Amino acid sequence: VALLTLLDLHLWLLDGLNLHSLLLKDLLSRIPCGCYFSTSSQRSSDFYTDPTEAVKDIPDGATILVGGFGLCGIPENLINSLLKTGVKGLTAVSNNAGVDNFGLGLLLQTKQIKRMISSYVGENVEFERQYLSGELEVELTPQVQEFNGRQYIMEKAITGDFALIKAWKADRAGNIVFRKTARNFNQPMCKAAKTTIVEVEEVVDVGTFAAEDIHIPSIYVQRVFQGDSYEKRIEKRTVKKVQEQQPKPKKDSDIVRERIIRRAALEFEDGMYANLGIGIPMLASNFIKPDITVHLQSENGILGLIPILWSELCVGKETVTVLPGAAYFSSDESFAMIRGGHINLTMLGAMQVSKYGDLANWMIPGKMVKGMGGAMDLVASAGTKVVVTMEHSAKGGKHKILDKCSLPLTGKQCVDRIITEKAVFDVDKTKGLTLIEVWEGLTPDDIKACTGTHFEVSPKLRPMQQI
Ligand SMILES: *[C@@H]1O[C@H](CO)[C@@H](O)[C@H](O)[C@H]1NC(C)=O
């Protein structure tokens, strides 16, 4: 179970299908037993009224597993209590570190964290600064082994001394349910620590939720604390605009983006399951034709959403609307979908792409680090079409489409198509690039002049399509 859990925290070149489905079966066969036993009236968990009491024995140097996804479903009170206890030298395992002034970011500010095991740095400026200056250790150390001709990651399970978890409700026996996307890393982390401390919004009588609806049986739960006045911050709140009085004049960069978005939207086909990166790919979904259905998957645990943007619900980074028939699940389940090859289309941005489809999109050494998030798993997954959307050249005209990437790779020979504001290329993993569309007014020679590698021109070259 721990291994299954923790594969999700390290996202590297792999197609974990075999390993993963085996473990998933194992996991699924265990949970029902746990639920059955945990409904007995015998209490296995201790209940606390003061969160600081619940964490005061966490010693310096401990490894803590912290649930949540940035700001979504984080144990706000337990994190704040660690500020009070002043514990130092922590190794913190968490998908990311929230933002500078909330979530785990608070413990980074106070330098109480010595080492982070994470996959995404994202919007946390202090995390990026400490990592690039060498003040903070960040763990990304995979070993790769080959099975049946494909490379798989082999890793030690990540376990913790303590897990700090945010859930919705606990019953008095210590069984736990989560709300909406807050299952994310909270659910698997409950099972991977010696002592699991759960903060909940409500403690209810046994039987209030049915035994078959329990997400975490009490066997995994040592301490429960009922918190109040949750801030539940949203990292990026977007609300639907009522009406634009005067459409703003478009900047050049907006025109470029819109061109890419309107081309990218043509990649959606009826019935597809798709995972979209932040930015242009997400925006492309606003242009999905009304007569087709596309199921969007969000890595932290939703299937069936539209990213246009009422308010209400937090998916870690952006606000979305969840459609009827949608499902919520934990991050390990999400990666079972991804690694198992069930996602038809992955669309994401890039800093560099090579002619054979190598992709670099997570860091510029010494300068900038975003983290790969789920991208390494997404692009390594067999059967998933990988479409890169990006501006043709970097600032200052530096090439992004190259013979060979110079930045650390996200995936090797994984990109199937590149869409820029000037051109569309198909990528063959052994033969290289073919130009299939070009923006009107431009010629293949113009594209050659701004591309850092050779490409073939399709005999069926056509003007760049737009939705
Ligand atoms: C999506 O992938 C599944 C296989 O996982 C396949 O059966 C299905 O036809 C694909 N759908 C589309 C629209 O590409």
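Just follow the structure's listing: the first ligand is 1, and inside any ligand the first atom is 1. Since we're looking at a predicted model, the values are computed, not measured.
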Asn344: numbered ligand 1 atoms lying under 4.0 Å from its heavy atoms: 1 (C), 2 (O), 3 (C), 8 (C), 10 (C), 11 (N), 12 (C), 14 (O)
Numbered atoms of ligand 1 (with element) below 4.0 Å of Met272, judged on heavy atoms: 13 (C)
Under the 4.0 Å line, does any protein heavy atom show up next to [atom]?
| atom | value |
| --- | --- |
| atom 7 (O) of ligand 1 | no |
| atom 14 (O) of ligand 1 | yes |
| atom 4 (C) of ligand 1 | no |

Using 4.0 Å as the upper bound for N to carboxylate O, is an ion pair formed by [Y] and [X]?
| X | Y | value |
| --- | --- | --- |
| Glu421 | Arg259 | no |
| Arg115 | Glu139 | yes |
| Asp377 | Arg339 | yes |

Shortest non-hydrogen contact from Gly73 toward Asn186: O-ND2, 2.9 Å
Over 12 foreign heavy atoms within 6.0 Å of CD, Glu201: yes
Neighbour count >12 (heavy atoms, 6.0 Å) for atom CG, Asp252: no
Heavy atom of Asp270, distance to ligand 1 below 4.0 Å: yes
Ligand 1 contacted by Gly341 (non-hydrogen, < 4.0 Å): yes
